[in-house]
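What follows is one structure encoded as structure tokens, with my remarks underneath.
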Amino acid sequence: MAMRVKDFRISQVWEVLRHLDASAVGSKRTTLKFNKVNQNIELHFPVSSSADICALQKIPGSEVCHQGKSAKAVVTLDKTQFVPEVVNSVISKPKSFWIDSPFCSDIKRQKVLVEFSSPNIAKPFHMGHLRSTIIGNYVSNLMSSLGHDVHRINYLGDWGTQFGLLNVGLELGQVSDEQIAANPIQVLYESYVLANREAEKDPGILSRARQIFKQMEDGDFAETERWEKFRQYTISELKQTYHRLGVVFDEYQWESMFGAKDISSVIAELEGMNLLNDNPDGKRVVKVGNRNVTLVKSDGSTLYLTRDVAAAKHRFQQHKFDQLLYVVENGQGDHFIALKHILKGLDHPWSDGITHIKFGRIHGMSTRRGQAVFLKDILDEARERSTIRQNISKNTRVGSDDKSAEVLGVSAVIINDLKQRRQKDYTFDWEKALQMQGDSGSRLQYTHCRLCSLRENSGARPADECNATLLTESQATALVTEIARYFYGS
Ligand SMILES: NC(=[NH2+])NCCC[C@H](N)C(=O)O
């Protein structure tokens, strides 16, 4: 029967553990358990050397069981010390608290760049961007609660012939700057659609678009300043919508930021490493496995991938990141394989820190405004449907200005996505997303409200200090142990 650790703070236990053989701590086999039979809190871990066993003798309440060649230690923690220490730590410490526990001694605090959302300004914000936004935000939150230094980037697409087309569309529609300022995402999109429609009738439009794009690439595009304004309007509008989702970016980058100078230095680097091959058709390609991947087109203009190489280099120069995570749909798998391969070929060891966090497609999402959806429309529709639903239910009556419909709608959209298998495609269904039963956002909010109202109606006030002797129910100790497991990562 193990003794209890009397007058021994859990942090002191960590301190002793910190000096044990590294294999014992930070190992997945180390666990914190609530022993239902004797109601004790126990720390279990393997010990692998006689030095460890000696060190453990310093901890009162520790016991070593030998099982053949291996040995296992059990340290029984005193409840009256353990409970307040966990409760106080969890309340007062910053989010990165558990990275300081010895269980995480092998985890180094890293600089992590997470690039997510990344819509294109000419095209609608499609469901892939919505998934990227939800998953990317989740991954960023997770990384920062692990104690990492997280930097969130939104890499907006504003490059390629499509932007030449968008410019032609603005000319054709004689769109004024005021119209764009009032409704940037919608108006830019409509101009792009207009140009595409006209291009079907008149091939001259496409060559005009190519010409404009070439000017953009060569740095002699006449309307650079005007475009700068459009970008700012777009960001302001996007920010309002991200705000509804609780998403904030540290940085907005545009594909166009990686200009001629960055691109030519990438090309020179590739040439220097003999990685660039000239195809008979004038394209310049790099071998990735058995594929030839184009980096420079025959007219000398560059591609999405070329910009990504320049952007990754720029990000490393700026942030010296340990990890760079790209949260982008499965369909771009080959693109990121090529990106990593090229950076590795260019002898950048930091490319090992690049990961493509992929996810499956969403099918069947449409709103009352049609298939070509903007993020704003999705959230508006979720809010509208939540309002209707709430008004149908017996107890509640919600007006369109009520915040709860907004919160319910947003929760439904987020939870509906997070509960899917990440890499699988799924079909979006408004009914399922908004349902009250099962693991839905509405259910989550409902449960939270129930708990809040139970607390309010109980008339009890939270105590200023945690007094563990009052927690006589075993469920309470089990819950605190569970919280500690989360925070100490065991
Ligand atoms: N660094 C990147 N390539 N990120 C992904 C960008 C996604 C791109 N804007 C698209 O909508 O397809």
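Both counts, for ligands and for their atoms, begin at 1 and track the order of listing.
- No close placement of the W254 and Y252 rings is indicated, their centers lying 6.0 Å or farther apart.
- Looking at every heavy atom in both residues, I205 comes nearest to A195 through CG2-O, 3.9 Å.
- I342 has its side chain within reach of L305: a pair of non-hydrogen atoms, C-beta onward, lies under 4.5 Å apart.
- Note that the NZ atom of K239 and the OH atom of Y242 stand 11.5 Å from one another [nearest 0.5 Å].
- A ring-centre distance under 6.0 Å is not found for F316 and H348.
- Listed by chain and residue number, the protein contacts of ligand 1 are E115, S118, N120, H129, Y155, Y304, D308, Y326, V328, Q332, H335, F336 (heavy atom within 4.0 angstrom).
- With a 4.5 Å cut-off on side-chain heavy atoms, Q162 and N196 do not count as touching.
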